[in-house]
Student: 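Encoded as structure tokens, here's the structure I'll be asking about.
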Amino acid sequence: MSFIIAIDGPAAAGKGTLAKRVAAHYAYAYLDTGSLYRAVGVAVTAQGLPASDEPAAVRAAQSLDATKIAAKAIRTAEAGEAASVVAVMPAVRAAILQFQRDFATNPPNGAKGAVLDGRDIGTVVCPEADVKIFVTASAEIRANRRFLELKTSGSAISEAQVLEDTQERDRRDAERALSPMRPAEDAHLLDTSNLSIEAAFGEAVRIIDKSMR
Ligand code: DC
């Protein structure tokens with residue numbers, strides 16, 4: 001039986017960094033589920049189509065090869081935008097759902113557990129997860145973190161624009177009819193607004209260790 005850790009939360013709350021460190025700490029497999037939606041969004045826009053082109057998005061989701069996701073192309077602000085547009089489509093979510101469940105229950109390379117990060121892991125993808133953590137931080141702090149990241153990678157976008165995009169994305173993720181972003185009832189809330197990465201990691205390990213006993 002695979003030990004499943006679900007880490008959910010809004011964009012730039014620090015869940016990716018946290019989930020990766022947690023996975024390394026327990027030698028579990030790690031899946032960034034946002035990268036799957038990003039890859040679908042990019043597959044559509046790279047054909048010159050709008051991300052809202054549903055048939056194209058569904059085709060991309062159904063033929064998604066997780067081993068072929070180009071890391072760089074999906075990390076841009078535009079890819080994040082496109083991801084949140086295709087993520088509202090039921091057929092896209094259905095195609096991605098099974099992949100995520102297989103990864104969680106049967107992690108690659110013989111790992112004894114899996115860490116999945118996303119928006120709906122604790123509520124929809126793995127409602128039976130052994131531990132659920134919902135990571136949050138204020139929109140201003142998340143926008144500032146994302147802004148600094150984007151600046152480092154050479155983007156000229158303003159911080160005000162990043163904040164606006166962050167709020168728009170939160171709204172779209174939280175208000176969509178299917179699998180909206182929300183904490184599971186049994187999730188532990190972890191607010192990283194005033195926590196360093198180190199402190200957030202320590203808190204997550206404390207929560208996980210407790211539930212392993
Ligand atoms: O975490 P991220 O920024 O890489 O996610 C990109 C988009 O993908 C996000 O706006 C919503 C969507 N997403 C989702 O709907 N469900 C998930 N489990 C993960 C991401």
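Each residue takes its place number in the sequence, starting with 1. The model shown is predicted, which means the values in this text are computed figures rather than measured ones. As the structure lists them, so they are numbered: ligands from 1, and atoms in each ligand from 1.
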Student: Considering only NZ, NE, NH1 and NH2 on the basic side and carboxylate oxygens on the acidic side, decide whether Lys132 and Asp186 come within less than 4.0 Å.
Tutor: yes
Student: Measuring from the heavy atoms of Arg93, does anything fall under 4.0 Å of ligand 1?
Tutor: yes
Student: Using distance alone, decide if ligand 1 has a nitrogen or oxygen within less than 3.5 Å of any nitrogen or oxygen in Ser35.
Tutor: no
Student: Return the residue, atom name and 0.1 Å-rounded distance of the protein heavy atom closest to atom 19 (C) of ligand 1.
Tutor: Thr33 OG1, 3.4 Å
Student: Assign the ring pair Phe201 / His25 to parallel, tilted or perpendicular, where the plane angle (0 to 90°) is split at 30° and 60°.
Tutor: perpendicular
Student: Where the closest heavy atom to atom 1 (O) of ligand 1 is concerned, which of Met181, Arg119, Glu81 has it?
Tutor: Arg119
Student: Run the numbers for me: atoms of ligand 1, each under 4.0 Å from some heavy atom of Arg38, listed by number.
Tutor: 2 (P), 3 (O), 4 (O), 6 (C)
Student: With a 4.0 Å cut-off on N to O distance, would you call Arg172 and Glu168 a salt bridge?
Tutor: yes
Student: Go through the steps for Arg169 and Ser84 under the test side chain to side chain donor-acceptor pair (under 3.5 Å), then give the verdict.
Tutor: CA-CA 7 Å; Arg169 194 126 78 87; Ser84 86; 5.1 Å; no
Student: Going by the atom numbers of ligand 1, which of them fall below 4.0 Å from some non-hydrogen atom of Ala87?
Tutor: 12 (C), 15 (O)
Student: Based purely on interatomic distance, does Tyr37 place a nitrogen or oxygen under 3.5 Å from a nitrogen or oxygen of ligand 1?
Tutor: no
Student: Identify, for atom 6 (C) of ligand 1, the protein heavy atom at the shortest distance, and state residue, atom and that distance.
Tutor: Arg169 NH1, 3.6 Å
Student: Lys15 heavy atoms, cut-off 4.0 Å: which ligand 1 atoms fall inside?
Tutor: 1 (O)
Student: Could you tell me the residue and atom name of the protein heavy atom closest to atom 11 (C) of ligand 1, and the distance to it rounded to 0.1 Å?
Tutor: Asp173 OD1, 3.4 Å
Student: Which ligand 1 atoms does Ala83 reach within 4.0 Å, using its non-hydrogen atoms?
Tutor: 6 (C), 7 (C), 8 (O)
Student: Do side-chain atoms of Gln98 reach the backbone of Ala94 as a donor and acceptor pair under 3.5 angstrom?
Tutor: no
Student: Under 4.0 Å from a heavy atom of Gly34: give me the atoms of ligand 1 that qualify, with their elements.
Tutor: 4 (O), 5 (O), 19 (C), 20 (C)
Student: Taking it one step at a time, do Thr192 and Arg142 satisfy side chain to side chain donor-acceptor pair (under 3.5 Å)?
Tutor: CA-CA 9 Å; Thr192 67; Arg142 289 184 288 117; over 6 Å; no
Student: Taking only residues two or more places apart in sequence, or in another chain, which ones meet Phe147 in a ring-ring contact (aromatic ring centres under 6.0 Å, His included)?
Tutor: none
Student: Assess whether a salt bridge exists between Lys15 and Asp32, defined as any Lys/Arg side-chain N lying under 4.0 Å from an Asp/Glu carboxylate O.
Tutor: no
